[in-house]
Amino acid sequence: MFDNYDDNVSYMKERMGVGKSFDVIQLDLEYAGRRMALFMIDGFVKDDILHYLMKLLSKLEPEQLEPDPFERLLRTHLPYVELGHKDDLNEAADWVLAGPTALFVEGINDKIIMIDARTYPVRGPQEPDVERVVRGSRDGYVETIIFNTALTRRRVRDRSLRMEYMQIGRRSKTDVCICYLEDIVDMDKVEHLKNNLQKIDTDALPMAEKTVEEFLSGRHWNPYPTIRYTERPDTAAAHLYEGHILIMIDGSPSVMITPATFWHHLQHAEEYRQKPSVGAYLRFVRFFAVFASLFILPVYYLFSMDPSLLPKQLSFIGPTEIGVLPLIAQFLIAEVGIDTLRMAAIHTPSALATALGLVAAILIGQVAIQVGLFTNEVVLYLAAAVIGTYCTPSYELSLSNRLTRLFLLIVTGLFGVKGLVIGTTLWILYLARMHTFRTAYLWPFLPFNYRAFRDVVLRTPMPLKNRRPTFLHTQDPDK
């Protein structure tokens, strides 16, 4: 801060690029015989709030700001809830870029009054597409962090709920919130997470939560997710009560849940919106579909290449005609083709989605079989694997499993039964050696915990689910 008003305003004007950016606004005013300046970003400011405050300031007389103009303005003549102050010009400029308004007053040269009358363009909190349920709430997180904290507070009316604020990114100054229940969570895990977040040294977080995950996970080339994402406030609240920690990042509707094991990515809110027996059945079907998506193609290929491995009752398995291409080549081409179609569907406008489906069904499916490029059974089993992939609740886990399926297909094609056995063993060992925030990734399977593993396999009735997961080391283990 400089010792006079003009130098402070000039520095702020240069720092903010007033006159170079059309949306950076500087208002030079005079109220109560004092010069004042407002700095704000057009589109981030609630006009009605500023008009109201300016109307009040216009009615002030010089003697009403004596003897301490800063205290008189802050405590009396600016009747607004979110008022604060800064004593650093660079920090004030960063805050203005985030949305609040800076008020400079002649005669107050050591402090800047910050008026947090900001608003952001935001969509409605509609139900997220990837986590739909038949029964349950229809609201979801949005791209504004304040809205997300409010949606969480609505469901967690606990006095120990803590939401700690920090900024990440040297240039972007992205708002990040760490959310946890202080009476339940392991505070060592909270401190460990905060330290890791504070160590993130980068210009910006353009991809929000995905950039943060890459800094936190450590193993950069590991395809498997070590953090669970959700856009449902009820799912986030349920994990808070278990002792997990949430990370909310401004600009993203996905809330990060830490720590998250392999089995967390296989759970879905629909299982808890039905009766326990129905939920257990749905979970069993989902597990079967997910693991079938991993192994059905390499096992089918193995049986097709070596029918002697099959009992007589299953001798019908295997193609009657191989086709123009070898079977392994058909599978690999089909896998790449499915991913190509998926990417095409993402980039296709909704009005053309039906046309894309017809092209895929007729040209790639029917015609490819007729010309002998694919066999009928290849398309059948590939469709079963793809359905299992789409049954995976976690999109990140489904992509990881797809890479694993390709790996198992290749080693099975190269080495046969030994390749499948060795590939599966390497996959299990790889997951067993993984950790998520100092927690074994396959817990409670490895290391084994009977009670917790039973809760993973079955959808335990809520009255009987009276203990929190032991791997979280919560302060209050009893629900």
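Throughout, numbering of the chain's residues begins at 1 and tracks the sequence. Being a predicted model, the structure only gives us computed values, none of them experimental.
- Residues passing the ring pair (Phe, Tyr, Trp, His ring centres under 6.0 Å) test with His265, sequence neighbours excluded: none.
- Listed here is the closest heavy atom pair of Arg405 and Ala385: NH1-O, 3.9 Å.
- Put simply, the side chain of Val96 reaches to within 4.5 Å of the side chain of Met16, judged on heavy atoms.
- Using the six-membered ring where Trp is involved, Trp263 and Phe287 have ring planes that are tilted, between 30° and 60° apart.
- By the side chain to side chain donor-acceptor pair (under 3.5 Å) test, Thr424 pairs with no residue at all, sequence neighbours left out.
- Nearest heavy atom pair, residue Leu332 against residue Ile410, reads CD2-CG1, 4.2 Å.
- Note: Trp443 and Phe471 have tilted aromatic rings, judged against thresholds of 30 and 60 degrees for the angle between ring planes.
- For the pair Thr149 and Cys177, the minimum side-chain heavy-atom distance is below 4.5 Å.
- Under the 4.5 Å side-chain criterion, counting only non-hydrogen atoms from C-beta, Gln26 is not in contact with Met12.
- Scanning for side chain to side chain contact (heavy atoms under 4.5 Å, CB included) contacts around Tyr11 gives Phe2, Arg15, Leu89, Asn90, with sequence neighbours left out.
- For residues 388-400, no pair satisfies salt bridge (charged side-chain N to carboxylate O under 4.0 Å, His left out), with sequence neighbours left out.
- The environment of Met187 atom CE is dense: over 12 non-hydrogen atoms of other residues, nucleotides or ligands sit within 6.0 angstrom.
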- prompt: Can you list the steps and then say if Asp478 with Arg468 is a salt bridge (charged side-chain N to carboxylate O under 4.0 Å, His left out)?
  reply: CA-CA 6 Å; Asp478 189 2; Arg468 294 186 173 89; over 6 Å; no
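- A 4.5 Å side-chain heavy-atom check between Leu197 and Leu216 finds at least one atom pair inside the cut-off.
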Let me have the donor-acceptor pairs involving side chains of residues 101-109, under 3.5 Å, with sequence neighbours excluded, atom names and distances please.
{"residue": "Glu106", "atom": "OE1", "partner": "Arg35", "partner atom": "N", "Å": "3.1"}
{"residue": "Glu106", "atom": "OE2", "partner": "Arg35", "partner atom": "NH2", "Å": "3.3"}
{"residue": "Asn109", "atom": "OD1", "partner": "Tyr5", "partner atom": "N", "Å": "3.3"}
{"residue": "Asn109", "atom": "ND2", "partner": "Asp3", "partner atom": "O", "Å": "2.9"}

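- Ala117 and Ile49 get closest at one heavy-atom pair: CB-CG2, 3.7 Å.
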task: List the steps and the verdict of side chain to side chain donor-acceptor pair (under 3.5 Å) for His239 and Arg228.
output: CA-CA 11 Å; His239 283 81; Arg228 182 182 177 183; 3.1 Å; yes
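- Between Trp427 and Phe295, the ring planes are perpendicular. Angles over 60° get that label, and only those under 30° would be called parallel.
- At a cut-off of 3.5 Å, with distance as the only test, a side-chain donor of Tyr224 or Asn401 sits close to an acceptor on the other residue.
- A donor-acceptor contact under 3.5 angstrom links the side chains of Lys465 and Tyr272, judged on distance only.
- For Phe448, the CZ atom is densely surrounded, since the number of other residues' heavy atoms within 6.0 Å is greater than 12.
- No more than 12 heavy atoms of other residues, nucleotides or ligands sit less than 6.0 Å from atom CD of Glu14.
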message: Could you go through Asp188 and His192, starting from their C-alpha distance and side-chain angles, then the distance that decides it, and tell me whether this counts as side chain to side chain donor-acceptor pair (under 3.5 Å)?
response: CA-CA 6 Å; Asp188 289 339; His192 175 69; over 6 Å; no
- request: Evaluate the side chain to side chain contact (heavy atoms under 4.5 Å, CB included) criterion for residues Thr152 and Met163: first the C-alpha distance (whole Å), next the side-chain angles of each, then the deciding distance (0.1 Å), finally the verdict.
  value: CA-CA 10 Å; Thr152 306; Met163 294 190 177; 3.9 Å; yes
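- Thr174 and Ser172 share a donor-acceptor pair across their side chains, judged by distance under 3.5 Å alone.
- By the ring pair (Phe, Tyr, Trp, His ring centres under 6.0 Å) test, Phe437 pairs with no residue at all, sequence neighbours left out.
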task: Go through the steps to decide whether Glu270 and Arg273 satisfy the test salt bridge (charged side-chain N to carboxylate O under 4.0 Å, His left out), and finish with yes or no.
output: CA-CA 5 Å; Glu270 180 68 18; Arg273 293 291 185 176; over 6 Å; no
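- For Phe147, the CZ atom is loosely surrounded, since the number of other residues' heavy atoms within 6.0 Å does not exceed 12.
- Residue pairs meeting the salt bridge (charged side-chain N to carboxylate O under 4.0 Å, His left out) criterion with at least one member in residues 444-461: none, sequence neighbours excluded.
- Under the ring pair (Phe, Tyr, Trp, His ring centres under 6.0 Å) criterion, Phe445 pairs with Phe453, sequence neighbours left out.
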message: Would Asp116 and Arg118 count as a salt bridge (charged side-chain N to carboxylate O under 4.0 Å, His left out) here? Give the steps.
response: CA-CA 6 Å; Asp116 195 352; Arg118 57 180 152 177; 2.8 Å; yes
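- Between Asp175 and Tyr165, the closest side-chain pair of non-hydrogen atoms falls below 4.5 Å.
- Residues Asn148 and Ser252 are not in side-chain contact: their nearest non-hydrogen atoms beyond the backbone lie 4.5 Å or more apart.
- With a 6.0 Å radius and a threshold of 12 heavy atoms from other residues, nucleotides or ligands, Lys13 has its NZ atom at or below the threshold.
- Contact between Arg157 and Tyr241 at its shortest, heavy atoms only, is N-OH, 4.2 Å.
- Thr412 is linked by a side chain to side chain donor-acceptor pair (under 3.5 Å) to nothing, counting only residues two or more places apart in sequence or in another chain.
- Across all non-hydrogen atoms, the minimal contact from Leu397 to Pro225 is N-CG, 3.9 Å.
- At most 12 non-hydrogen atoms from other residues, nucleotides or ligands lie less than 6.0 angstrom from CZ of Arg154.
- Sequence neighbours left out, the pairs with a member in residues 77-89 that pass side chain to side chain donor-acceptor pair (under 3.5 Å) are Lys86-Glu91.
- A side-chain donor-acceptor contact under 3.5 Å links Asp158 and Ser160.
- For the side chain to side chain donor-acceptor pair (under 3.5 Å) condition, the pairs that include at least one residue of residues 428-441, sequence neighbours left out, are Asn222-Tyr430.
- For the 3.5 Å distance criterion, the side chains of Asp47 and His51 fail to qualify, holding no donor opposite an acceptor.
- Counting only N and O atoms by type, the side chains of His268 and Arg283 include no donor and acceptor under 3.5 Å apart.
- A search for ring pair (Phe, Tyr, Trp, His ring centres under 6.0 Å) contacts involving Tyr180 returns nothing, not counting sequence neighbours.
- Leu426 CG to Leu408 CG: the interatomic distance, rounded to the nearest 0.5 Å, is 9.5 Å.
- Of all the heavy atoms in Leu161 and Cys179, the pair that sits closest is CD1-SG, 3.5 Å.
- A 4.5 Å side-chain heavy-atom check between Glu127 and Asp139 finds every atom pair outside the cut-off.
- Between Phe44 and Leu97, every side-chain heavy-atom pair lies at or beyond the 4.5 Å cut-off.
- Summarising the local packing, CZ of Arg342 is surrounded by more than 12 heavy atoms from other residues, nucleotides or ligands at distances under 6.0 Å.
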query: Where do Thr230 and Glu131 land on the side chain to side chain donor-acceptor pair (under 3.5 Å) test, with the steps shown first?
result: CA-CA 8 Å; Thr230 185; Glu131 296 179 272; 3.0 Å; yes
